[in-house]
Amino acid sequence: MVLLAFSLLLTMAPGLLRMFIGPTTVDRMLGLQMTSTGGVAVLLVMAEWQRLDALRDVALIFALLAAVATAALVQMLRGGADG
Amino acid sequence: MGEILHFLSLPLLLGGLFFFATGSVGIIRFPDCFSRLHAVTKADTAGLGLVAAGLALRADYWQTAALLFLIWLVVMASGAINCQLLASYAMEEETAGTEREKESWAEPPAGRKGAEGVSTHQTNGRGNPKEGADT
């Protein structure tokens, strides 16, 4: 469980790197989505590892916020391109 | 029974980790933003689904497994919808004119061009007093 949590943390790092070096805005948002999904997975594994049931609720809220964030960013970019 | 389920959850967890690892390799190595989208979607659905299934086999109550399934559903739906939005936005920007593409996408290169212009002005400013000193 500990190894799995740390390995999932390591797989979040390329998403962060893509957020920094991404040439386009779409690439940055893809890095954001990759990082948020990795964060949800790490929270679920930590909830099992540390026997903290509240972390599953945190993961659920995190997933909902990540879903809203990308949709809102795309809508904002489209509004900025049109007007 | 519990030990059997623990043993069965190991390949699922390792498979989820494998999908996350391939997604993170793909988001770095793939050349195009559409192929990167492909890699991210695999990590979202398959990776998190396998991790959630492996953890659901280890859960003590069925409510925990239901919550894990709900989290996977939310992430999968948001991943599908957001990838459609991002892909359609990228297609619009690609089919739009190159000037609009430069305006909306390439803001940092435009800033770099401005910085280069400033730096050339500075070198000109540095060059002019030298020329003046030479003359």
Side-chain angles (χ1 to χ4, degrees), chain A residues 1 3-5 7-19 21-38 40-45 47-49 51 53 56-75 77-78 80-81, chain B residues 13-14 16-17 19-29 32-34 36-37 39-41 43-45 47-48 51-52 54-55 58-61 63-64 67-68 70-75 77-79 81-83 85-90 92-93 96 100-101 103-109:
Chain A
M1 277 296 151
L3 275 179
L4 186 66
S7 312
L8 285 173
L9 265 182
L10 279 182
T11 61
M12 284 169 67
L16 286 175
L17 186 63
R18 180 54 70 189
M19 279 172 75
I21 68 173
T24 67
T25 317
V26 177
D27 288 324
R28 290 178 208 277
M29 281 193 271
L30 282 178
L32 169 71
Q33 186 155 3
M34 180 86 196
T35 312
S36 64
T37 311
V40 169
V42 168
L43 280 174
L44 291 179
V45 173
E48 177 71 24
W49 166 30
R51 296 280 163 191
D53 290 336
R56 289 194 189 92
D57 299 335
V58 175
L60 181 61
I61 299 298
F62 204 69
L64 284 170
L65 279 180
V68 175
T70 312
L73 272 170
V74 171
Q75 286 298 319
L77 283 172
R78 277 191 174 152
Chain B
L13 291 174
L14 289 180
L17 179 61
F19 270 99
F20 267 108
T22 50
S24 61
V25 168
I27 202 173
I28 284 299
R29 295 296 303 269
D32 196 3
C33 78
F34 296 105
R36 280 179 208 139
L37 217 133
V40 170
T41 317
D44 271 358
T45 55
L48 192 68
V51 167
L55 290 177
R58 291 181 174 233
D60 297 329
Y61 308 105
Q63 286 93 343
T64 307
L67 185 58
L68 287 167
L70 183 64
I71 290 171
W72 178 53
L73 275 188
V74 166
V75 169
S78 76
I81 292 170
N82 285 334
C83 283
L85 279 173
L86 284 175
S88 62
Y89 176 69
E92 280 177 10
E93 291 298 313
R100 223 184 109 188
E101 192 175 345
E103 280 178 6
S104 60
W105 275 19
E107 281 176 358

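Keep in mind that what you see is a predicted model, and the values were worked out from it rather than measured. Side chains included, hydrogens not; waters and symmetry mates left out as well; all remaining heavy atoms used. So that the names make sense, note that chain A is the first sequence line, chain B the second, and so on, each numbered from 1.
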Taking the side chain as C-beta and beyond, is there a heavy-atom pair between [X] and [Y] under 4.5 Å?
{"X": "A:Thr11", "Y": "A:Leu8", "result": "yes"}
{"X": "A:Arg51", "Y": "B:Asp60", "result": "yes"}
{"X": "B:Phe20", "Y": "A:Thr37", "result": "yes"}
{"X": "B:Leu13", "Y": "B:Arg58", "result": "yes"}

Under 4.5 Å from a heavy atom of chain A, the part of [X] involved:
{"X": "B:Ser88", "result": "both"}
{"X": "B:Ile81", "result": "neither"}
{"X": "B:Leu86", "result": "both"}
{"X": "B:Leu67", "result": "side chain"}

Return the option, out of [options], with the maximum number of heavy-atom pairs under 4.5 Å with chain A.
{"options": "B:Ser24, B:Cys83, B:Ala52", "result": "B:Ser24"}
{"options": "B:Leu70, B:Thr41, B:Leu37, B:Val75", "result": "B:Leu37"}
{"options": "B:Ile27, B:Leu85, B:Leu14, B:Val40", "result": "B:Ile27"}

Is it the side chain or the backbone of [X] that comes within 4.5 Å of chain B heavy atoms, both, or neither?
{"X": "A:Glu48", "result": "side chain"}
{"X": "A:Met1", "result": "side chain"}
{"X": "A:Val68", "result": "neither"}
{"X": "A:Ala66", "result": "backbone"}

Legend entry - Top contributor to chain B interface from A:Ala13, A:Ala59, A:Ala67, A:Gly38 [non-hydrogen pairs under 4.5 Å]: A:Ala67

Inset, instruction - Examine distances only and state if a side-chain atom of A:Trp49 and a backbone atom of A:Leu44 form a donor-acceptor pair shorter than 3.5 Å. - result: no

Inset, instruction - For A:Arg18 and A:Gly31, indicate whether the former's side chain and the latter's backbone hold a donor-acceptor pair under 3.5 Å. - result: no

Inset, instruction - Could you pull out the closest heavy-atom pair between A:Arg56 and A:Ala47, with the gap in Å? - result: CG-CB, 3.7 Å

Inset, instruction - Can you see which heavy atom on B:Cys33 is nearest to which on A:Leu30, and at what distance? - result: O-CD1, 3.6 Å

